[in-house]
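Take a look at the structure below.
Positions are given from 1, in the same order as the sequence printed here. Heavy-atom basis, side chains included; hydrogens, waters and symmetry copies ignored.
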Amino acid sequence: DKSEFIGSYFGEGQIQKVRKNPYGYEKSIYIPFSMLYVFCRNNRLGVMIMALKVGYAKCEITPKLGAYLQGHNKKRYAAMVHDPLFLRCVAFENDGLAVMLNYDLSAMNTNLANKIREQVASYIDCPVEHVVITCTHTHTGPNCSNMTREWDETYVQLLTNLSMHTAGLAKNDLTESQMFAGSTECKGVTFCRRYLMKDGTARTNPGIGNPDIERPMNDPDYQVVVLKIQRSGAKDIALVNFGCHADSIKNVDGIDAVSADWPGVTCNAVENALNVECILFNAPCGDVAQRDHMAPKETAKLTSGWSRTVKLGQSVAGAVISIFDAFMTPVPDGPVKAQVTVLQLPLKRPTEEELARSRDILEHEADYLGGNMAKTTDLFEARMLLSVAKTDGYAQALVTALRVGGFAAAGSSGEPFCAIGKRIKAETPFEAQFALYFANGSSGYFPMIDAFSCDGYEARTCKFQPGVGELIADTSLQLLNNIK
């Protein structure tokens, strides 16, 4: 087909596509909506089978009781399963194959993520760059990120096998599809967790109703981005991108329990309301969470627990449902492309005084476990400083970009601040853009440069030197432009 596409628009119950053929004249072709594409070859009209195919699969990855739960500074072991954990996978095929694997986990160790990506790529026969791993960041799932904590090798091997199996099922489910995108806002459920105090310092989670709070230090990202995938003869798929820490359930009546937290609630609500498959991709939220610390102190008990989890998850689902059938724009079809780059980032260089203080903290670690945010910050910073002191001064972080036609997703292997996600979405060259959290591994926090000039959990526990957040954003946009 040597025709040059000029433009298209929607007519009354029909599509008009205008093409200029090699002989220099224009031809207008009218077709009903049921015929999705046309082509002109040798001046004869024919129907072209849609190039894009999309598949979906999911499997349960709930750990056994007694599993070590990752996400807090005290030891927790699963005494019950409140709701199951899942691995969800979407596969795209158009002049190439790619899969996005989304896990109900707090995070995934970068070495483990690389191993899974390599094995999945070999299993489904695609480039390893075309395998993207993300985690919802639930704080009530098994440890798959920190090998210095309690590490269940049997579970990790099972997860690897299930990843290959689920990606294979998604590939086998590939169905002719068309993409649509839309966005809206969801306010009142996600809040800045870094606050400027009246004494000029900054604190993370300073306490709800704390009278010493001056103001929040940034605004959350309220945007909900939705990619609607209409499939021929199969369930439609809703891919959702919204950012908030998945740390709302905490426990169930004091019992440490396994839960997918609010992302699981969102997926269930969207699936039940729209009869679709749903995957929630958490957006950059390293500095935002579900608690409003400017609220009155008496509301503190309302900011966590299952009721709060349901409110948050259903609020995001409501935003998705409100635009899913009425306010979506067609996304251009096109090839699958991806790039992954490995950044060599300079680490903090602790002083001897800082190292001595860190060793003292770890000698009294029991006094810091389960404590307030100040003690948590001291403990995690001490662990970090002692760790980076043993290195050559550099560590790796991955930045990933994937495109499918006019849809793209970009992210980094850690916890970027929401400003990074906002910038990626604002400056992307694509019609529909997701910003991803914990993409292809876990390298820690990626704060913006201003966060290093004041106190706060994220910047103090970040192992990288100031400027890492801006570099992550710059690199993400560079990769997106490379694959455009």
Side-chain angles (χ1 to χ4, degrees), residues 107-111 113-114 129 132-135 137 145 192 194 202 204 217-221 241 243 281-288 337-350 380-381 384-385 387-388 391-403 408-430 433-454 456-484:
M108 186 179 292
N109 178 282
T110 303
N111 290 333
N114 287 338
E129 294 82 6
V132 179
I133 283 175
T134 61
C135 296
H137 199 40
S145 62
C192 171
R194 298 171 56 247
T204 300
M217 298 193 70
N218 62 278
D219 292 323
D221 183 359
N241 191 214
F281 293 93
N282 214 338
C285 58
D287 52 347
V288 297
K337 293 182 180 180
Q339 279 193 6
V340 178
T341 190
V342 180
L343 299 177
Q344 295 288 343
L345 300 175
L347 297 171
K348 291 177 178 176
R349 298 287 80 192
F380 280 45
E381 181 185 41
M384 178 274 297
L385 292 175
S387 176
V388 300
T391 71
D392 62 358
Y394 288 86
Q396 294 182 348
L398 275 66
V399 181
T400 300
L402 168 71
R403 72 164 289 188
S412 50
S413 59
E415 299 192 66
F417 276 21
C418 65
I420 297 174
K422 287 181 179 180
R423 185 177 165 209
I424 290 171
K425 291 184 289 182
E427 299 181 25
T428 179
F430 292 93
Q433 180 70 52
F434 278 15
L436 303 177
Y437 201 57
F438 281 117
N440 290 339
S442 174
S443 305
Y445 280 98
F446 300 136
M448 307 307 288
I449 197 166
D450 61 336
F452 289 91
S453 63
C454 51
Y457 169 77
E458 299 85 2
R460 281 183 56 189
T461 61
C462 171
K463 62 186 177 182
F464 301 111
Q465 293 187 19
V468 60
E470 287 74 11
L471 180 59
I472 292 294
D474 290 344
T475 307
S476 299
L477 290 166
Q478 180 183 344
L479 294 186
L480 288 169
N481 282 287
N482 290 348
I483 61 176
K484 176 63 176 174

Is the shortest distance from a Lys or Arg side-chain nitrogen in Arg423 or Asp474 to a carboxylate oxygen in the other one below 4.0 Å? yes

Using the rule given for side-chain contact (heavy atoms from CB on, under 4.5 Å), can you reason through Val288 versus Asp221, listing the C-alpha separation, both sets of side-chain angles and the distance that settles it, and then say yes or no? CA-CA 9 Å; Val288 297; Asp221 183 359; over 6 Å; no

Rounding to 0.5 Å, atoms CG (Leu402) and CG (Leu480) come to a distance of 9.5 Å

When rounded to the nearest 0.5 angstrom, what is the spacing between CD in Glu415 and CD1 in Ile420? 11.0 Å

Closer than 3.5 angstrom, by distance alone: can the side chain of Lys348 be matched with the main-chain N or O of Pro466 as a donor-acceptor pair? no

Under the 3.5 angstrom rule, does the side chain of Thr428 hit a backbone N or O of Ile424 as a donor-acceptor pair? no

Can we call the ring centroids of Tyr457 and Tyr445 under 6.0 Å apart? yes

Decide yes or no for Phe438 and Thr134: does some side-chain heavy atom of the first lie under 4.5 Å from some side-chain heavy atom of the second? no

Decide yes or no on side-chain contact (heavy atoms from CB on, under 4.5 Å) for Ile483 and Arg403, but give the supporting numbers first. CA-CA 7 Å; Ile483 61 176; Arg403 72 164 289 188; 3.8 Å; yes

Looking at Phe430, I'd like to know if the NZ or CZ of Lys484 sits under 6.0 Å from its six-membered ring centre while staying within 45 degrees of the ring's axis. yes

Derivation of the side chain to side chain donor-acceptor pair (under 3.5 Å) call for Ser145 and Ser442: CA-CA 7 Å; Ser145 62; Ser442 174; 5.2 Å; no

For Ser443 and Gln396: C-alpha separation, side-chain torsions, deciding distance, then whether side chain to side chain donor-acceptor pair (under 3.5 Å) applies. CA-CA 8 Å; Ser443 305; Gln396 294 182 348; over 6 Å; no

Tell me if a side-chain donor or acceptor on Lys425 pairs with a main-chain N or O of Ala435 at a distance below 3.5 Å. no

Roughly how far, to the nearest 0.5 Å, is the CE atom of Met448 from the CE atom of Met217? 13.0 Å

Say you draw a straight line from OG1 of Thr204 to CZ of Arg194; how long is it, rounded to the nearest 0.5 Å? 6.5 Å

I'd like to know if the side chain of Glu129 reaches the main chain of Ala338, judged simply by a donor and an acceptor atom lying under 3.5 Å from each other, with no hydrogens or angles considered. no

Is a donor on one side and an acceptor on the other found under 3.5 Å between the side chain of Asn282 and the backbone of Tyr437? no

Would you confirm whether Asn241, through its side chain, and Leu436, through its main-chain N or O, come within 3.5 Å as a donor-acceptor pair? no

Quick one: does any side-chain atom of Ser453 pair with a main-chain N or O of Asp450 as donor and acceptor, under 3.5 Å? yes

Taking atom types as modelled, find out whether Asn440 and Thr400 have a side-chain donor-acceptor pair closer than 3.5 angstrom. yes

Interatomic distance, Phe452 atom CZ to Gln465 atom CD [nearest 0.5 angstrom]: 9.0 Å

Check against side-chain contact (heavy atoms from CB on, under 4.5 Å), Leu343 and Leu398: CA-CA 6 Å; Leu343 299 177; Leu398 275 66; over 6 Å; no

Would you sort out whether Asp287 and Cys192 count as a side-chain contact (heavy atoms from CB on, under 4.5 Å), showing the intermediate values? CA-CA 6 Å; Asp287 52 347; Cys192 171; 5.8 Å; no

Which atoms form the tightest heavy-atom contact between Ala451 and Ala459, and what is the distance? O-CB, 3.4 Å

